[in-house]
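One structure is given here, and the rest of the page talks about it.
Just so we're clear, the structure is a prediction, and the values are computed from it rather than from any experiment. By convention in this document, chain letters (A, B, ...) are assigned in the order of the sequence lines, proteins followed by strands, and residues within each chain are numbered from 1.
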Amino acid sequence: MNATQTPVAATAPVTAKKTSRHATTSIVLGVLGLTLTVGITSPFAFLQANKALAEIDAAPGHYEGRMLAQVGRVLGVVGTVYLVVWLVLGFTVGIGGVDMVEVFRTALNQAFGPNAIVYALAAIGLNIHFGYTGLLNFGQAGFMAVGAYGLAVSVVTWGLPFWLGVVVALLAPVLLAILLGLPTLRLRADYLAIATIATAEILRLVFGAVETKDVFGGSNGLNGYVGPFQDANIFRAWDVFTTGALAFEEVDLGIVSFSKRDLWSMLVGWIVVALACLVVWALMRSPWGRVLRSIREDEEAVRSLGKNVFAYKMQSLILGGIFGGMAGLFLALKQASVVPSDYSTNMTFLAFTALLIGGAARVAGPVIGAMILWFLISGLGSFFGQATSGADPLLPSWVMDNTQASLVRFIITGLGLMLLMIFRPQGIFGDRREIAIDGR
Amino acid sequence: MDAEREDTTTAGTAGTGTPSAFAARPDLSGVPAEPGVAKPDAIIVGDSITRQFGGLKAVDVDHIEIQRGVITALIGPNGAGKTTLFNLLTGFDVPATGAWSFNGSSLARVAPYKVARLGMVRTFQLTKVLAKLTVIENMRLGATGQRGEKFWLAAFPFLWRQQEHENTERADDLLTRFKLDEKREDFAGSLSGGQRKLLEMARALMVDPELIMLDEPMAGVNPALKQSLLGHVKSLRDEGRTVLFVEHDMDMVRDISDWVIVMAQGKIVAEGTPEAVMTNPAVIDAYLGAHHDTDLTEIDEKEIEAEAMAEIQSEIESDQKDHR
Amino acid sequence: MRLRVITLLSVLFFLLLLQPVGAHADSTAPSPSPSAEPSPSAPLERPDGPYITVRLVDAAVDEPVVGVTLSVTAEDGTEVGSAETDAEGRIIVPIPALGSYTVALDEATLPEGIELNTNAEIVITARLNGANGGLFPIGVQEVVSVPFSDRLVTSLLSGIKFGLLVALAALGLSLIFGTTGLTNFAHGELITFGALATYVANRGLGLPVVLAGLLAVVVSAAFGWAQDRGLWRPLRRRGTGLIAMMIVSIGLSLLLRNLYQYTIGSSRKSLSQYVSQARNDYGFIKLADKEIAIMLVALVAIIVVCVVLMKTRLGKSMRAVSDNPALSASSGMQVDRVISSVWILGTALTGLSGVLLAVNSQINFLMGFKLLLLVFAGVTLGGLGTIWGALFGSMVIGIMVEVGPLFGVPSSIKEVGALVVLIIVLLVRPQGILGRRERVG
């Protein structure tokens with residue numbers, strides 16, 4: 001994973017005159033702007049096209065693709081105008097039944113809401129694994145699942161008190177990390193990836209199985225364990241204190257509004273996220289963090305200097321796993337039920353996407369990434385949902401019906417993850433020089 | 001889960017060049033120049049070490065001893081098994097058979113990091129600097145027994161700041177000595193090939209090893225830097241450390257080594273002072289690949305070739321492993 | 001208005017790239033016959049909102065079947081709930097919204113001596129706010145209980161069949177991994193691609209299944225070639241790291257999977273021929289004609305590929321590149337060309353696996369993704385990057401999955417057995433059963 005190219009790539013014949021990369025990028029972004037992304041990528045297409053033209057003009061002997069860049073620029077301009085008109089109209093009068101204010105409100109709601117917290121915690125864990133140590137954990141959903149089920153099973157099935165359940169929920173991922181790490185941490189990185197993804201699937205299947213229904217509740221999962229958490233809701237307590245009665249109305253905070261239950265989850269959740277960031281920040285600036293980053297670079301070198309690489313990897317796996325467990329625990333608390341199908345591989349992949357959006361090996365990267373991811377996912381969901389519903393939808397149903405509309409955001413997420421990895425592997429805040437992935 | 005168990009070594013005793021260590025170096029002049037000869041004060045003693053790659057014996061050493069406090073060169077044609085022997089001695093590879101000890105304590109099945117803590121530190125043929133860390137961070141990593149590297153203490157800077165400060169001072173001294181002080185804050189990945197070799201050597205010294213093993217320290221170093229690198233290696237001996245190095249550059253071998261061990265086909269075929277070895281017909285034959293009736297067993301050229309391939313293969317494998 | 005046209009155009013442009021494949025074919029799901037009015041003694045609590053109710057009846061004796069687990073899945077693949085049939089053979093599952101739901105019957109929970117004779121799944125479109133559903137329109141048949149040895153033979157045969165299908169895909173994955181080092185998480189979607197292409201050629205173009213399958217293999221190969229040329233080769237040229245490429249493949253997987261669902265919906269589809277074939281009794285074993293055909297085709301394909309890899313010049317250069325790309329390049333091999341061939345061969349094999357799966361059972365947008373982990377398991381079990389290892393590992397996985405339930409693996413999660421074996425093998429012999437020993441730290 002260092003700067004050296006793979007042997008295969010190294011042998012690729014070098015053409016004398018190559019197409020400017022920026023030109024290609026601008027075309028791709030321009031076309032996307034006029035199709036999938038509703039103009040959001042168009043300004044970038046314009047910028048890339050300008051870069052390409054500058055590059056080509058600076059060294060005409062080296063690059064070609066002038067034509068391509070110019071097309072990209074035109075597409076970019078058209079798309080940008082389109083985007084601006086869209087936004088202006090969308091925010092003022094609404095177009096074809098799509099209320100852009102509503103779309104924005106939904107998106108913002110989710111960017112700060114409990115879902116973003118779940119993914120932020122999961123991605124903080126992955127950041128420790130992947131961003132700092134270079135461990136490929138593709139089973140974060142498994143760590144989340146044992147966290148969530150740790151609480152639910154303790155309280156519902158075993159009848160333990162709530163706080164003991166929380167302790168179990170935090171210990172379960174430690175145990176899982178040790179069990180997973182012992183066989184795989186001595187092996188090549190891809191073995192860990194396969195072992196973790198397999199373990200996460202095993203856990204999900206076992207938790208959802210008919211045969212284990214007595215313990216894990218089958219595919220309907222478990223509920224009825226959040227009482228103490230909800231009782232501690234200070235927003236409700238405040239109501240009782242001031243008005244003498246429980247009030248359940250939404251709390252309106254300008255553009256966004258949350259229920260008191262969500263507000264309580266969010267208060268707890270964001271405090272936990274902040275503490276997690278603090279821990280990561282404190283650890284990663286220490287010599288301990290330096291060893292982790294060195295292992296990411298070259299573990300043999302670290303070994304040759306007398307460091308027990310295996311122990312450090314294990315500590316990293318455990319610590320990141322605990323944050324994964326916290327994510328699962330928080331999910332279990334905020335939605336008051338644990339359902340096995342939540343903990344699918346997709347969840348891990350989305351958490352990875354959040355991490356990569358924000359930037360790996362940056363303390364705030366996973367948090368910002370999770371917020372952006374949820375902003376986009378719910379914004380797109382709301383937009384396409386509105387565009388395909390109602391009596392006269394913006395998009396006729398033969399193009400896209402309501403069910404299909406719910407898929408568009410995931411199609412875009414997939415595409416976005418690819419483009420991000422190809423063109424900006426360091427994410428938004430990442431330092432290109434300091435990531436496990438070598439994009440160049 | 002304590003990463004840094006207490007340092008069991010006495011690496012510090014090698015110290016930085018106490019005159020007594022210097023004086024205590026017994027003379028090698030009386031040692032006969034024959035393969036596997038016993039040394040008066042051996043720091044490493046190895047017996048019947050073998051390692052195979054797909055049916056070919058890459059290393060097949062009956063007996064090897066490395067004298068303390070001198071510079072020993074390990075030479076031999078490509079594919080002779082030098083790097084493999086290095087890997088075996090330092091625990092980075094596991095031999096099929098064999099026993100070897102460092103300062104009298106057995107190293108069989110001892111993990112590489114423990115070998116390093118015992119005071120036996122190596123560098124790599126393909127330099128392994130941590131490209132995305134700065135030069136000074138590379139150096140700090142080398143220090144052993146760091147409190148701040150323990151998980152439970154890491155989050156509390158007041159517990160390790162003092163030690164970190166001392167390590168940094170030591171690192172800065174070394175950087176100045178190796179003329180890397182101007183690169184202090186640069187990413188190690190931005191250094192030239194020769195500077196990387198220097199950094200790797202300096203970083204190894206942060207461990208304060210008694211024995212330092214250099215795998216081709218001259219490979220890829222530009223001629224201007226070579227002279228200063230030679231000086232650095234000599235200075236290591238002069239401060240009381242033992243140096244074992246693999247090298248192809250015969251000038252370097254002649255210039256600085258006190259003792260030379262020649263390997264071919266995985267076996268030690270000759271030993272002696274540089275002068276004695278350079279005139280040894282077995283050595284010349286080993287390099288030319290010619291048949292010789294006494295010292296060398298029948299050399300099948302194809303076999304040598306295949307063996308060389310096996311070694312290259314293993315290097316590529318480990319190289320690829322690093323890329324994954 | 002103008003804006004709207006632009007939006008439409010842009011969406012259209014996108015859809016043209018997609019070739020909408022019989023979208024909304026799922027709306028042909030059987031319309032539910034409204035359930036009989038709940039008898040006053042109905043023990044089940046009826047939810048306020050919409051719910052699905054299903055009654056399971058043994059057609060032979062016209063009696064309700066009790067204690068069978070049925071699960072309800074929404075169109076996006078998320079499970080809504082499951083329940084066991086009560087004394088009247090009835091389940092009630094509340095659903096979050098109106099729409100199409102798949103009701104699947106867990107065959108393992110059928111009482112001893114009863115066996116299904118058709119599919120274990122039906123699609124129900126919920127239109128009413130109250131009860132939705134009706135009789136489960138599948139027959140339940142009485143069979144005599146089977147001795148263990150017979151069940152073992154049957155399971156072994158299904159295991160071999162399943163193993164061969166996994167092996168085809170695993171061979172494809174292993175070839176691509178071996179030559180390019182890419183751990184391709186979008187490989188499952190290549191399996192689905194083969195199945196979908198068959199479906200389109202069969203139902204859309206009206207070709208017979210055999211021809212459709214052949215066409216699908218060719219299209220899969222073309223898809224593989226295009227993918228390499230359009231995506232992976234440029235990435236290799238840029239020197240993109242292997243881990244970055246792995247993550248790109250995760251994005252691609254997400255993209256393709258949702259595109260599949262976008263075009264064909266989430267319900268299961270069947271081909272026009274060979275859907276439900278009775279099994280012929282060959283004395284010791286019982287096999288349907290199509291099962292024999294599937295096994296033969298898979299076996300022949302694997303043998304042909306192995307011969308190609310062993311004997312031909314192309315095969316030798318593939319193995320050379322796989323063993324050592326740098327060395328092959330320096331000895332004058334055109335590595336890019338070899339990799340292109342590997343992609344074509346690999347995706348053709350994987351597509352064939354999808355075709356055979358489609359013939360064997362049904363087509364669904366998730367089918368490849370569900371198989372991906374087992375394919376990975378097969379490849380890892382045998383030893384990463386070795387061809388014989390992939391074959392051997394896949395057979396072990398296939399047989400483990402099918403035979404496991406006879407030895408106590410819960411049959412509703414029979415994949416678990418194979419995955420546990422994978423992890424145990426990693427523990428004991430990390431290089432895989434046939435893999436070369438890696439130097440491990």
Side-chain angles (χ1 to χ4, degrees), chain A residues 1 5-9 11-12 34-36 82 85-86 89 95-96 136 183-184 186-188 190-191 194-195 197-199 201-202 205-206 209-211 218-220 299 303 309 341 349 352 356 394-395 399-400 403-404 406-407 410-411 413-415 417-418 421-422 425 436-440, chain C residues 3-4 6-8 10-15 69 71 75-76 78-79 81-82 106 109 180-181 183 235-244 247-248 250-252 254-255 258-259 261-262 325-326 329 335-336 373 376-377 380 384 410 412-413 415-416 419-420 422-423 426-427 430 438 440-441:
Chain A
M1 265 150 288
Q5 295 190 329
T6 58
V8 181
T11 63
L34 286 184
T35 53
L36 266 180
Y82 173 40
V85 173
W86 240 118
L89 285 182
I95 311 156
L136 271 176
T184 50
R186 293 176 198 274
L187 307 178
R188 237 169 42 190
D190 30 3
Y191 283 97
I194 290 170
I197 197 173
T199 307
E201 277 298 284
I202 291 175
L205 289 169
V206 169
V210 183
E211 288 80 358
S219 56
N220 294 337
E299 56 179 85
R303 212 169 263 136
V309 170
S341 56
F349 289 164
F352 253 102
L356 294 168
L394 180 69
L395 301 169
V399 174
M400 188 190 291
T403 324
Q404 289 173 323
S406 65
L407 298 172
F410 293 113
I411 295 176
T413 307
L415 195 65
L417 181 56
M418 291 172 70
M421 219 47 237
I422 295 171
I437 328 120
D438 215 334
R440 185 45 262 186
Chain C
L3 280 171
R4 191 163 150 170
I6 296 177
T7 321
L8 280 184
S10 47
V11 174
L12 263 181
F13 176 79
F14 175 59
L15 283 180
T69 305
S71 58
E75 259 195 320
D76 58 2
T78 56
E79 189 167 323
S82 69
D106 183 3
T109 58
T180 64
T183 310
L235 288 186
R236 283 197 300 276
R237 293 233 167 129
R238 286 163 60 105
T240 305
L242 290 174
I243 291 179
I247 293 171
V248 170
I250 290 175
L252 182 63
L254 200 63
L255 172 73
N258 284 290
L259 275 182
Q261 195 186 352
Y262 191 99
V335 172
D336 259 342
L373 211 51
F376 272 150
T380 315
L384 277 184
S412 65
I413 47 168
E415 294 89 353
V416 167
L419 296 179
V420 169
L422 167 72
I423 289 179
L426 283 182
L427 183 71
E438 287 278 344
V440 290

Would you compute the distance between atom CG of A/Leu136 and atom CD1 of A/Ile194 and round it to the nearest 0.5 angstrom? 10.0 Å
Please state whether the side chain, the backbone, both or neither of C/Leu419 comes within less than 4.5 Å of a heavy atom of chain A. both
With sequence neighbours excluded, tell me which residues meet side chain to side chain contact (heavy atoms under 4.5 Å, CB included) with C/Leu252. A/Met418, C/Ala186, C/Gln227, C/Leu231, C/Trp232, C/Leu255, C/Leu256
Please rank C/Ile250, C/Thr183, C/Thr69, C/Val416 by heavy-atom pairs under 4.5 Å with chain A and give me the top one. C/Ile250
What is the distance from atom CD1 of A/Ile422 to atom CG of C/Leu235, rounded to the nearest 0.5 Å? 4.5 Å
Would you compute the distance between atom CE of A/Met421 and atom CD1 of C/Ile247 and round it to the nearest 0.5 angstrom? 4.5 Å
Side chain, backbone, both or neither: which part of A/Val309 has an atom under 4.5 Å from a heavy atom of chain C? neither
